[in-house]
Number of protein chains: 2
Amino acid sequence: MTQTGTAPAGDARARVERAALELFALRGFDAVTTEEVADAAGISRRTFFRHHPTKADAVWGDFARHVARLAELLRNTDPARPILAAVCRAYVDVNDYGPDDLPVLRQRMRLILTEPALQAHSQLRYAEIDRVVAEYVARRTGEAPTDLLPRLVGASTRAAAMTAFAVWLTDDGLSLREQLTRAFDELTEGFPSLRR
Amino acid sequence: MTQTGTAPAGDARARVERAALELFALRGFDAVTTEEVADAAGISRRTFFRHHPTKADAVWGDFARHVARLAELLRNTDPARPILAAVCRAYVDVNDYGPDDLPVLRQRMRLILTEPALQAHSQLRYAEIDRVVAEYVARRTGEAPTDLLPRLVGASTRAAAMTAFAVWLTDDGLSLREQLTRAFDELTEGFPSLRR
DNA sequence: ACACTAACGGCACTCAGTGCCACCGAACAA
DNA sequence: TTGTTCGGTGGCACTGAGTGCCGTTAGTGT
């Protein structure tokens, strides 16, 4: 596809994502049909489903690149660093958004963590992250990625990250990076705040 | 439906769940229509959706009771026991299935952890558990259930439990209780196996 | 015998997702 | 210019999940 002269048309994907985010935030995920999103983006319903395999996928902008960046961060980690610290560090780094991206990120995460349909769908995206982390841990420890420890690190660090996101959305005190760090510290230290 | 005298007809729910579990395990969740499940259970498609709000819900047998049992176990916990230990203990106890229930449990969990649609739907069920645990932690610590620590305990212990389930399904070495204990030990001790 | 109620089945409808096909514009070849 | 190929697109029809509405039926009480 080469940009014809008239409309930019280059990134119909970006237009769809923007339209989806705004419509879903405004009226709720279930109350907006895919046809309305497609119309708002200036494409047909059929083309919408060519770009995004699912209505829910429209709110996840290039998530594959996000996962790839996390994998690369882990690949480039100093082998001397403890495994768990490396994973947490990569998690924080991959979520280091600039101030300009924060409004969109808030809108996106609020939808994902609030709308039941998106909350359910997110599990499929999270599974990709979990797998990347589990494979990294498996590489470091020599275990199989399907063994308990690699899977456990993947699942629990992801749980911590999503908890940090949820708290960041509601509480306005701390930055996302600070909330992530707080959560990871609790997790890696065995929940020191609970031991009196 | 007119079999008043013949079939017990007492709990059509149980028949639906059995039929759904078998059909989904046999041919895959997406390849089986709700009408087929309804037919196999001897009810109409309309009645199927009266019993189960969703096709996916048919595989979760009385999950509300499961959550209620967990909440009760937590409520009856000795206040002297450390918070995290209490949560893990309750998790192990609520998942103490008898040998007769194990085959059905394996089938159910294999579906939930394998089929993408069920994997996604599971997030909505897990959220109920997370909330119960978070409320317990909040009661013990005096925080709000929406604060970071209560939420983090809920999300991470659940992640550990589901990881234990997944490993239990594939590895045949250890019992479910042992896998759960292994996972919880790693989590509560700050992943000792990763500190060399 | 009569009314009341709760559960059921049938029907029609919306909407997500998919397969099929026809169309159009760009690039390329003769 | 003419013809051909090709990737992106839109239209159309179809399946299947989920829902609202309504008529029917079984069970219960009086």
Side-chain angles (χ1 to χ4, degrees), chain A residues 1-17 19-21 23-24 26-60 111-112 115-125, chain B residues 1-17 19-21 23-24 26-60 111-112 115-125:
Chain A
M1 160 131 165
T2 44
Q3 294 82 328
T4 46
T6 58
D11 42 3
R13 267 182 188 72
R15 286 207 312 279
V16 171
E17 286 164 19
L21 236 52
L23 287 174
F24 293 161
L26 191 64
R27 294 164 40 204
F29 181 78
D30 294 325
V32 179
T33 67
T34 57
E35 188 160 16
E36 288 174 304
V37 176
D39 284 352
I43 60 174
S44 74
R45 201 176 76 97
R46 191 63 186 86
T47 302
F48 172 92
F49 282 111
R50 280 203 185 85
H51 294 335
H52 306 281
T54 289
K55 182 184 176 187
D57 279 299
V59 311
W60 298 78
L111 280 171
I112 291 172
E115 293 282 346
L118 293 175
Q119 199 176 338
H121 178 83
S122 67
Q123 183 79 359
L124 302 177
R125 295 284 89 86
Chain B
M1 163 126 155
T2 46
Q3 65 276 47
T4 35
T6 57
D11 42 3
R13 267 181 188 72
R15 285 208 313 278
V16 170
E17 286 164 18
L21 237 50
L23 286 175
F24 294 160
L26 191 64
R27 293 164 40 202
F29 181 79
D30 294 325
V32 179
T33 67
T34 56
E35 188 161 14
E36 289 174 304
V37 176
D39 283 352
I43 60 174
S44 74
R45 200 176 78 94
R46 191 63 187 85
T47 301
F48 172 91
F49 282 111
R50 269 196 261 273
H51 294 336
H52 306 280
T54 289
K55 182 183 175 187
D57 279 298
V59 312
W60 298 78
L111 281 171
I112 291 173
E115 293 281 346
L118 293 175
Q119 198 178 338
H121 178 83
S122 68
Q123 183 78 0
L124 303 177
R125 296 284 90 84

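Residue numbers begin at 1 in each chain, while the letters A, B, ... track the order of the sequences.
- Looking at heavy-atom distances under 4.0 Å, V37(A) makes no contact with the nucleic acid at all.
- Between dC8(C), dG9(C), dG17(C), one nucleotide has an atom nearer to the side chain of S44(B) than all others, and that is dG9(C).
- By the side-chain contact (heavy atoms from CB on, under 4.5 Å) test, A56(A) is found to be paired with F29(A), T54(A), L118(A), H121(A), residues two or more places apart in sequence or in another chain being considered.
- For E36(B), the salt bridge (charged side-chain N to carboxylate O under 4.0 Å, His left out) test picks out R27(B), with sequence neighbours left out.
- Rounded to an integer number of Å, the gap from E35(B) CD to dA17(D) C1' is 12 Å.
- Residue H52(A) is out of contact with every strand shown, counting any heavy-atom pair closer than 4.0 Å.
- Atom CZ of R13(A) is separated from atom C1' of dT9(D) by 13 Å (rounded to the nearest Å).
- Listed by first then second residue, pairs satisfying salt bridge (Lys or Arg N to Asp or Glu O under 4.0 Å) with a partner in residues 46-57 of chain B read D57(B)-R125(B), not counting sequence neighbours.
- Among residues two or more places apart in sequence or in another chain, the ring-ring contact (aromatic ring centres under 6.0 Å, His included) test is passed with H52(A) by F48(A).
- Between D57(A) atom CG and dA16(C) atom P there is a gap of 14 Å when expressed in whole angstrom units.
- Checked against ring-ring contact (aromatic ring centres under 6.0 Å, His included), F49(A) has no partners two or more places apart in sequence or in another chain.
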Detail all sub-3.5 Å separations between protein N/O atoms and N/O atoms belonging to nucleotides 18-22 of chain C.
| residue | atom | partner | partner atom | Å |
| --- | --- | --- | --- | --- |
| dG19(C) | N7 | R46(A) | NH2 | 2.9 |
| dG19(C) | O6 | R46(A) | NE | 2.6 |

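- The distance from atom CD of E115(B) to atom P of dA17(D) is 13 Å, rounded to the nearest whole Å.
- Rounded to whole Å, the distance from CG on D30(A) to P on dA17(D) is 18 Å.
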